[in-house]
Amino acid sequence: MEPANLFTVLRRYWRLLAGCTVAALIVGFVLTPAGDAVDNGKWQCKVAITPVAGAADTVRADQVLSYAQGSAVTTAAAQKLHITDVAGLSARRTVAAASTQMLVFTTTGPTQQSCADLAAALSEATITGYGQESKKSADESIKRLRAQADTQQQQLDDLQKQFSRANTTDQAKLQPQLSTATAALTKTLGAIADLQNYSQTDAIQQWGSIDAKELGGNMLTSPTRSVRLALAVVLGLALGVVAALMLSRMDTRLRTRDGVEEAFNLPVIGEIPLLSRRLRRLREPLVTARPEDPATEAYRSLRSTLLLTGPRALSAQLGQGGLDPDDRRARRAAEPAPVVLVMSGRSGDGRTTTVANLAATLAETGRQVLVLDCDFRQPGLRGHLGVGDGPGMAELLSGEQLPDPVDLIRRTNVASVALITGGNTTAYPAALVLRAGEVLKLARRHADVVLIDSSPLLHANDAYDLVQHADAVLVTVMAGNVRPEEADRVSELLARTGVPVAGVALLGAEGTTGRRKRTLRPGRPPAKGSPAKAAPAGKGAPPVPEQQRRAEPAPRVEPQRRAGEHQRPADPRPAAPGYGAAPDRRDGATSWGRRPAELPPEEPVETTLQLRLGEER
């Protein structure tokens, strides 16, 4: 992953990073003792103990190890060192059998002296304690053997009396018994003597001197709470980064321009940056409320791209700004206003906000814009344009007799922008759009441009019924709100209608990447009549006056229809004088912006926007 993409992912999941960091900080604060702790792992000491000379046969290593690991040794060492934390002292020492005749104590401490003192105390406590235990055990054994010896002595005395009174024959029979009793008594007395000698000397002793070495500290054994909390913050951030990358891999929602173009198979003609919460709460179009905001410039760029690459019926209105009302009405009668349908696949894609701001930007060019709120399920345009509640499209479409739309056109808080609100919907919304064609035919004569806001295409059928009456379609997408399969479904539905699709407006873009020169996909020849490259001005071509360049729009690049798309029948209505020459949605082109599926890479085809910019240069 590139660093720029990594930072984008981290910025997207900043709440997750903050949560992991705070959680790690809390855990570190709870587990770290109050105040500064002592680094008990800085020094390490080792001391060995073995049986004394001649006691190897009587000392059992497993017994000594079991006694050394007991609490009695640690308690005795703590008392000698005047330490009250016996549990902490136990954590600083380990004991293990180095061989069958040697035990090794390993201790740690903050200083060499404290470490050596602990090792010596443990060694001494083990030697003394085990010696006392051994003496106690020997005394008990001696006491038991003395009782046994007394019994054997009594038996021997009885045999001797019998032997002295018996005759020669009986004495021969008693002699073996007398010898056995004497041997048993001698053995018992010898065991008593050995135990008396063993109890009077030490059973084990220290082997050699104490071995001490410095280990050094690290961040994990840092004595300060601040350093440990800092380490917890670093670990929390690392965990948050890993979790963010995993979620980013699993999240398939469209967020970038390349992803949107790939999923919709349509060009992104406008990228609106993510608005702050304060700007999203505005109750008027951003274009009029914040004219200098970067998002406002992005909406103006979207407007310019739509005018330059849209149908000629839309771009031909460039010179109407200075017409008087009579000339304007005459022009509209001859050339009805184009209808642009703004739609989206899902709710929350910024469709209504785009309609309001696009209307404001079109009004900046001198056009009179009429906005129709055909979202009968969640109408919201009147809140953006400052219009109160009242009758609107619902009453206009549900009446038995079709009234003149001029009676329902209402002024807005944006100059040169009028609105017909959604109205009070009582009928089923799907039944209202059946008369949309007649209403739009009348609405074309009351403005220079007609914008329509509709319901989400994937949630309702209203937009699919309205699209057949539009001259152009603009799709809006909110970054992170649409999945590729939903985008593919929208693209498939639009392809079946045959209505030209201007492209996609990507809202909430995390960062604009600029306009790129597009090349058609390999494997399919370019459409007939598509120029390979615009001739630059000044090289073999006479200069064209500015007025002629504006009056004669450049030819558009019309890609071939994809496989499976059908030709829409020609509109039976007669074309108005001067308006039928301009190609519109009924010329059989599905979309001037749709990218063909297969085209050779060695023949790049420039977009209409690049062709027009090349003519102006």
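All residue numbers in this chain count up from 1 along the given sequence.
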Separation of [Y] [atom2] from [X] [atom1] (nearest 0.5 Å):
X	Y	atom1	atom2	result
His384	Leu419	NE2	CG	11.5 Å
Ser455	Arg377	OG	CZ	5.0 Å
Leu507	Glu271	CG	CD	10.5 Å
Phe264	Leu494	CZ	CG	8.5 Å
Leu457	Tyr464	CG	OH	8.0 Å
Leu440	Leu372	CG	CG	6.0 Å

Minimum side-chain heavy-atom gap [X]-[Y] below 4.5 Å:
X	Y	value
Val439	Leu397	yes
Leu266	Val260	no
Val473	Val467	yes
Asp389	Arg382	yes
Leu466	Cys374	yes
Arg351	Asp375	yes
Val371	Ile420	no

Side-chain ion pair, Glu485 and Arg489, N-O less than 4.0 Å: no
Return the minimal non-hydrogen interatomic distance between [X] and [Y], and the atom names on each side.
X	Y	value
Arg255	Leu506	O-CD2, 4.2 Å
Ala263	Leu254	CB-CD1, 3.6 Å
Ala470	Leu341	CB-CB, 3.8 Å

Without swapping roles, check the side chain of [X] against the backbone of [Y] for a donor-acceptor pair under 3.5 Å.
X	Y	answer
Arg410	Gly388	yes
Arg303	Thr361	yes
Glu262	Gly259	no
Thr365	Leu362	yes

By salt bridge (charged side-chain N to carboxylate O under 4.0 Å, His left out) - contacts of Arg253 (at least two apart): Asp251
Qualifying residues under salt bridge (charged side-chain N to carboxylate O under 4.0 Å, His left out), relative to Glu297, sequence neighbours excluded: Arg300
Test side-chain contact (heavy atoms from CB on, under 4.5 Å) applied to Thr354 and Leu302, Leu451, Asp453, the passing residue: Leu302
Residue among Asn357, Asp373, Leu381, Thr476 satisfying side-chain contact (heavy atoms from CB on, under 4.5 Å) with Thr352: Leu381
Between side-chain atoms of residues 13-21 and protein atoms elsewhere (two or more places apart, or another chain), which donor-acceptor pairs fall under 3.5 Å?
residue, atom, partner, partner atom, Å
Thr21, OG1, Leu17, O, 2.8

All side chain to side chain contact (heavy atoms under 4.5 Å, CB included) counterparts of Val406, not counting sequence neighbours: Asp404, His446
Any side-chain donor near an acceptor of the partner, Asn265 and Ser491, under 3.5 Å: no
Derivation and outcome, side chain to side chain contact (heavy atoms under 4.5 Å, CB included), residues Val490 and Leu458: CA-CA 7 Å; Val490 171; Leu458 298 180; 3.9 Å; yes
Distance-only donor-acceptor pairs under 3.5 Å for side chains of residues 275-284, two or more places apart:
residue, atom, partner, partner atom, Å
Ser276, OG, Leu279, N, 3.4
Arg280, NH1, Leu275, O, 2.4
Glu284, OE1, Thr288, OG1, 3.4

List the atom pairs, with distances to 0.1 Å, where a side-chain N or O of residues 477-484 and a protein N or O form a donor-acceptor pair under 3.5 Å, not counting sequence neighbours.
residue, atom, partner, partner atom, Å
Asn481, ND2, Ser347, O, 3.1
Asn481, ND2, Asp349, OD1, 2.7

